[in-house]
Protein chains: 2
Amino acid sequence: MVQKRELIKGNSDSLLLCLLAQQSMYGYQIIKELEKRSQGYFQFKEGTLYPALHRLEKAGLILGKWQMLFNSRPRRYYHLTAKGHAKLSTERAQWQDFINAVNLILQPAEI
Amino acid sequence: MVQKRELIKGNSDSLLLCLLAQQSMYGYQIIKELEKRSQGYFQFKEGTLYPALHRLEKAGLILGKWQMLFNSRPRRYYHLTAKGHAKLSTERAQWQDFINAVNLILQPAEI
DNA sequence: TATTATATATAGGATAACAAAATACTATTT
DNA sequence: AAATAGTATTTTGTTATCCTATATATAATA
C-alpha cells in the first residue's frame with residue numbers, strides 16, 4: 001500500500017471528529033486507534049495530532065478533560081461537543097461532495 | 001464550503017495530470033474545464049493553477065509549448081510526458097488506497 | 001469609451017503537516 | 001539498582017501549497 005502524506009491534508013480534522021464521535025479517547029490512543037482501524041495506513045505524528053486536538057478544542061468542537069490515574073501518567077480524554085457533532089455532519093457531506101468531484105475528473109463518464 | 005480549500009490541497013497535481021493525460025490544454029482552458037467537469041465544484045484560481053503548472057513542468061511531468069494565434073493572445077499548451085503518465089498511474093493507486101483508509105474510519109465495519 | 005472575457009504571471013500571507021526534540025512517568029528486563 | 005522500552009503530552013522550526021491580490025495584454029461587446 002503506497003502512502004501519500006499530501007492526501008491527509010485537510011482531512012485530519014474530520015477523521016478526528018469521526019473517531020471521537022464514536023468514543024472518547026486521549027491523544028496517544030487516537031494515534032494507535034487510527035493506525036489499527038485503517039490497517040496501518042494512518043500513522044499520525046505527535047506534531048500533527050496534538051496541535052490538531054488543541055485546534056479543535058479551541059474551536060469548541062471537542063472538549064478535553066484530564067483524568068488522573070494512580071498507575072500511569074494523567075491522560076487528557078477528549079469528547080465531541082454538540083457543536084462538534086454538527087460539524088462532523090457537515091464535514092461528512094463535504095467529504096462526499098469532494099469525492100464525487102474528484103471522481104468526475106479521474107473517471108469521466110466518456111473517455 | 002469554507003473547508004474545500006484544505007481538501008484540494010495535495011490533490012491539485014493529480015487532477016491536473018489526469019486532465020492533461022486526456023487532452024493537451026492551456027491554463028485558462030484547464031480552469032474552465034475543471035469547473036465544467038466537476039459541475040462547478042472545482043474553481044481553480046490563477047494563483048493556484050499557474051504555479052502548479054510550473055511545478056509540474058519543472059518536475060518533468062508535463063511539457064508546455066507556446067502556440068501563437070493571429071486573433072488572440074499566445075497560449076501555452078501543456079501535455080503529459082512519459083514520466084507524467086507513470087506518475088499519474090501511481091497517483092491513481094494512491095488515491096484509491098487513501099479513499100479506502102478514510103472509509104475504514106468514517107464507516108467502520110462495526111459500530 | 002468602458003467593460004467584459006480571455007490569457008499568463010508572480011508576490012505575499014495563511015494554514016497545516018511533519019520531523020525532531022523535550023519532558024516525564026511506568027513497567028520490564030538485565 | 002540500572003538500563004531499556006513503552007506510554008503520554010507539548011513545542012519549535014521547516015516545508016508545502018492554496019489563496020488573495022495585483023500586473024500585464026488582447027479581443028469583443030455595450
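In what follows, every heavy atom counts, from backbone to side chain, and hydrogens, waters and symmetry copies are set aside. Just so it is clear, the model here is predicted, and its values are computed rather than measured. Labels below follow one simple rule: chain letters A, B, ... track the order of the sequence lines, proteins then strands, and each chain is numbered from 1.
A 4.5 Å side-chain heavy-atom check between B/Phe44 and B/Tyr50 finds every atom pair outside the cut-off. A 4.5 Å side-chain heavy-atom check between B/Phe42 and B/Glu35 finds every atom pair outside the cut-off. Considering only heavy atoms from C-beta on, A/Leu49 comes within 4.5 Å of A/Leu16 through its side chain. Looking only at side-chain heavy atoms (C-beta outward), A/Leu20 and A/Leu61 stay at 4.5 Å or farther from each other. Side-chain contact check for A/Leu19 versus A/Arg37: some heavy-atom pair is nearer than 4.5 Å. Two residues are said to be in side-chain contact when any heavy atoms from C-beta on lie closer than 4.5 Å; A/Gln29 and A/Gln23 meet this criterion. Within the 4.5 Å cutoff, side-chain heavy atoms of A/Trp95 are placed close to those of B/Val102.
Distance CD1/B/Ile105 to CG/B/Asn100: 12.0 Å, rounded to 0.5 Å. A distance of 4.5 Å separates CG in A/Leu69 from OG in A/Ser72, rounded to the nearest 0.5 Å. Expressed to the nearest 0.5 Å, how far NE2 of B/His85 lies from OG1 of B/Thr81 amounts to 7.5 Å. For the atom pair A/Asn11 CG and B/Phe98 CZ, the distance stands at 4.0 Å (nearest 0.5 Å).
Between the side chain of B/Arg92 and the backbone N or O of A/Leu106 there is at least one donor-acceptor pair closer than 3.5 Å. Without hydrogens or angle criteria, B/Glu57 side chain to B/Gly64 main chain gives a donor-acceptor distance under 3.5 Å. Of the possible donor and acceptor atoms, one in the side chain of B/Lys83 sits under 3.5 Å from a partner among the backbone N and O of B/Ala59.
Atom C1' of nucleotide D/dT14 and atom NZ of A/Lys9 are separated by 11 Å, given to the nearest angstrom. With rounding to whole Å, B/Glu6 atom CD is found 13 Å from D/dT17 atom P. Regarding B/Glu46, its CD atom lies at a distance of 11 Å from the P atom of D/dC19, rounded to whole Å. Separating the CZ atom of B/Phe44 from the C1' atom of D/dC18 is a distance of 9 Å, rounded to the nearest angstrom. Distance, B/Leu16 CG to D/dT17 P: 12 Å, rounded to whole Å. Between the P atom of D/dA8 and the CD atom of A/Glu33 lies a distance of 13 Å, rounded to the nearest Å. Taking atom CE on B/Met68 and atom P on D/dA27, their separation rounds to 12 Å, with Å as the unit. Per the geometry, CG belonging to A/Leu49 stands 9 Å off P belonging to D/dT9, to the nearest Å.
First and last contacts of DNA chain C with chain B, using any nucleotide atom under 4.0 Å from a protein heavy atom and ordered 5' to 3', fall at C/dT6 to C/dA16.
Of the residues in residues 52-66 of chain A, those with a non-hydrogen atom less than 4.0 angstrom from any atom of DNA chain C are A/Arg55.
Residue-to-nucleotide proximity on DNA chain D shows that, of A/Pro51 and B/Ser12, the 5′-proximal contact is made by A/Pro51. Residue order along DNA chain C, read from the 5' end via each residue's closest nucleotide, puts A/Thr48 first among A/Thr48 and A/Pro74.
Where the helix from C/dT1-D/dA30 to C/dT30-D/dA1 starts and where it ends, the local axes point in directions that differ by 10°; five pairs per end, rounded to 10°.
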Just the atom pairs and distances: protein N or O near nucleotides 3-7 of chain D's N or O, under 3.5 Å.
from  : atom 1 : to      : atom 2 : distance (Å)
D/dT7 : OP2    : A/Tyr28 : OH     : 2.9

Check the interface with nucleotides 28-30 of chain D: list each N/O to N/O pair with the protein under 3.5 Å, or write none.
none

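With hydrogens and angles ignored, a donor-acceptor pair closer than 3.5 Å exists between the side chain of B/Arg5 and the base of D/dC18.
For residues 9-38 of chain B, the set of pairs meeting the ring-ring contact (aromatic ring centres under 6.0 Å, His included) definition, not counting sequence neighbours, comprises B/Tyr26-B/Tyr77.
Across all strands shown, B/Gly47 has heavy atoms under 4.0 Å from base atoms, whether or not it also approaches the sugar-phosphate.
B/Leu63 and B/Leu17 are members of different hydrophobic clusters when ILVMFWY side chains are connected at heavy-atom separations under 4.5 Å.
Salt-bridge annotation for A/Asp13 and A/Lys87: absent, with no side-chain N of the basic residue lying under 4.0 Å from a carboxylate O of the acidic one.
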